[in-house]
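In each ligand, atom 1 is the first atom listed, and ligand 1 is the first ligand listed. Numbers here are sequence positions counted from 1.
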Amino acid sequence: MSVIIKNATILTSNNEFVGDIKIEGQKIVGLGQFEAQPYDEIIDATGKYVFPGGVDQHTHFSALCNTGDEDTAGYETTDAVITGGTTTIIDYAPQDPGKGLLDSIDYRINTRAKGKTCVDYTLHAMITYVMESIFDEVEQLPQRGVSSIKCFMAYKDSPLHVDDGTMYKIMCKSKENGITVFVHAENGELVDRLQKDCLLAGHTEPRYHAVSRPPFVEGEGTNRAIYIANQVGVPLYVAHVTCEDAVKEIRAAKGRGQKVMGETCTHYLTVTKDALGSEDFCEASKYICSPALRAQEHLDALWDALNEGILNAIVSDHCGITLDMKKQGIDDFTKIPNGAPGAADRIHMIWSEGVAKGKISKQRFVQLIATNPAKINGIYPQKGDIIVGGDADIVIFDPDFRGTIKWEDNPNGIDYNVYEGREMIGRVDSVLLRGKKVVEQAKFIGDYGQGEFIPAKCYAAAYIGLEEM
Ligand code: URP
Ligand code: ZN
């Protein structure tokens, strides 16, 4: 199958030019101006931007913890994700109680994703059940095509929590095996104390979620993770950075020459903690995520950090948590499951709020939503840019579209959208996944199960140009 995309305004991670993209089979084979010749498909992209399919390196499809046969908001809901312009996700593979890291990875590939996923994907190992055997399992992650492992410093007294000693040992094992350590950097002890204080004072409403998880709790967690990673000499990736306090720690570490990378999420850039203040429990509970939403000054600091290269990626932290699940915490905010859906809206929100409003350039947009996540996770240059030899994962974007985000236009498999009613400046019109058109006129026309597992190269083997991110 040969395809040519004609007269596109092509946005790559470091360039913008008008030209054509030649595709043979699943790969990009030429960029430039090409004479007419027989192609199986000719796509006229006059007046459209064409950029690489998004890479979202922080998602939780199929629930945060595997729970036996139950599958909530599974990989079949990635139809909405690819319709929103993201062609690859890097999903977390949680452990079931008593199950190891490797079994959990195999389970996710064979039972959850196979036959369902509409996007290509790779996985992060994720510790959600600490047991002695996980340390040795780290050695086998590279053979499984997994290049990263996540430790939760938060969530004290839950099976997710990783204490400092465990994190240190995971870091040592990861260093030996070329694995990047990802951290959820909040001080779990402090959160626990502050939550108890709120409840003792009778404060049970969702807005106390942010009160009990203030920025200094995240700043301290980030500082500690950076300190320990520096002792070990392992590359560190700080997940979902929300505030100036954490940015300051990452800036200082990078300044000392340490290999530290950081991401923030769409919601931390575009929604303030005021969203938690609604009198309507359901409305407020949609915005319960950890770390918590912040005041405007932190949102501004995050945009600055993205431009400065202190933060390197924008992700969704997509969690398929329904309103019914959120109601578990109607009388106690600490019981509201954390997380919200957002993988389908990341590209529209970041273009509309970031590029269209002049906060980031078009090239920085491409780097943050596609190229850097692919590099950090060892799937570049197969994924993450418009480049000869790379997979033909391509978004054709109509910059003239004006509208608002509506759940019904791209249902995400959950019963709400936290960006409902937000302004849309521009829209993903069509998407190609490995050379095949799977989204047309903003509607999914592909197949469930079309996505493939993409093995990630571990840190030592991957292209990591930290200085360029
Ligand atoms: O609130 C969130 N982010 N839930 C998902 C788990 C995590 O911390 O990434
Ligand atoms: Zn997450």
Could you tell me whether [X] approaches ligand 1 through its side chain, its backbone, both or neither, with non-hydrogen atoms closer than 4.0 Å?
X	value
Tyr92	neither
Asn338	both
Lys150	side chain
Ala239	neither

Should you measure from each heavy atom of [X], which atoms of ligand 1 turn up under 4.0 Å away?
X	result
Ser290	1 (O), 2 (C), 3 (N), 8 (O)
Cys289	1 (O)
Cys319	4 (N), 5 (C)
Phe152	6 (C), 7 (C), 8 (O)
His58	9 (O)
His240	7 (C), 8 (O), 9 (O)
Asp317	2 (C), 3 (N), 5 (C), 9 (O)

If only atom types and distance count, is the side chain of [X] paired as donor or acceptor with the main-chain N or O of [Y] below 3.5 Å?
X	Y	value
Thr59	Phe61	no
Arg224	Asp164	no
His318	Ala343	yes

Item to complete: Taking the six-membered ring for Trp and the full ring for Phe, Tyr or His, determine whether the centres of Tyr416 and Trp407 are under 6.0 Å apart.
Response: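 When the ring centroids of Tyr416 and Trp407 are compared, they turn out to be at least 6.0 Å apart.
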
Discussion item. Centre-to-centre under 6.0 Å for Tyr155 and His161, is that the case here?
Written reply: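 No: the rings miss the under 6.0 Å criterion.
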
Could you tell me whether [X] and [Y] make a salt bridge, using a distance below 4.0 angstrom between a side-chain N and a carboxylate O?
X	Y	answer
Lys173	Glu137	no
Glu189	Arg193	no
Arg213	Glu186	yes

Worksheet item: Heavy atom of Tyr155 under 4.0 Å from ligand 1?
Response: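 True for this residue.
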
Discussion item. Checking Glu297 now: which residues fulfil side chain to side chain contact (heavy atoms under 4.5 Å, CB included) with it, not counting sequence neighbours?
Written reply: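 In terms of side chain to side chain contact (heavy atoms under 4.5 Å, CB included), with neighbours along the sequence ignored, Glu297 is linked to Ala295.
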
Practice prompt. Check whether NZ of the Lys or CZ of the Arg Lys99 lies under 6.0 Å from the centre of the six-membered ring of Tyr129 and within 45 degrees of that ring's axis.
Written response: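 Output no; distance or angle outside limits.
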
Discussion item. Report the atom name of the nearest N/O/S atom of Asp317 relative to the Zn ion (ligand 2).
Written reply: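 Nearest N/O/S atom of Asp317: OD1.
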
Item to complete: Of all N, O or S atoms in His60, identify the one at the shortest distance from the Zn ion (ligand 2).
Response: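 Result for His60 and the Zn ion (ligand 2): NE2.
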
Practice prompt. Could you confirm whether His184 has any N/O/S atom lying under 2.8 Å from the Zn ion (ligand 2)?
Written response: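 It does not; every qualifying atom lies at 2.8 Å or beyond.
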
Discussion item. Suppose we only count N/O/S atoms under 2.8 Å; would His58 qualify as near the Zn ion (ligand 2)?
Written reply: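 Checking the Zn ion (ligand 2) against His58, an N, O or S atom does fall under 2.8 Å.
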
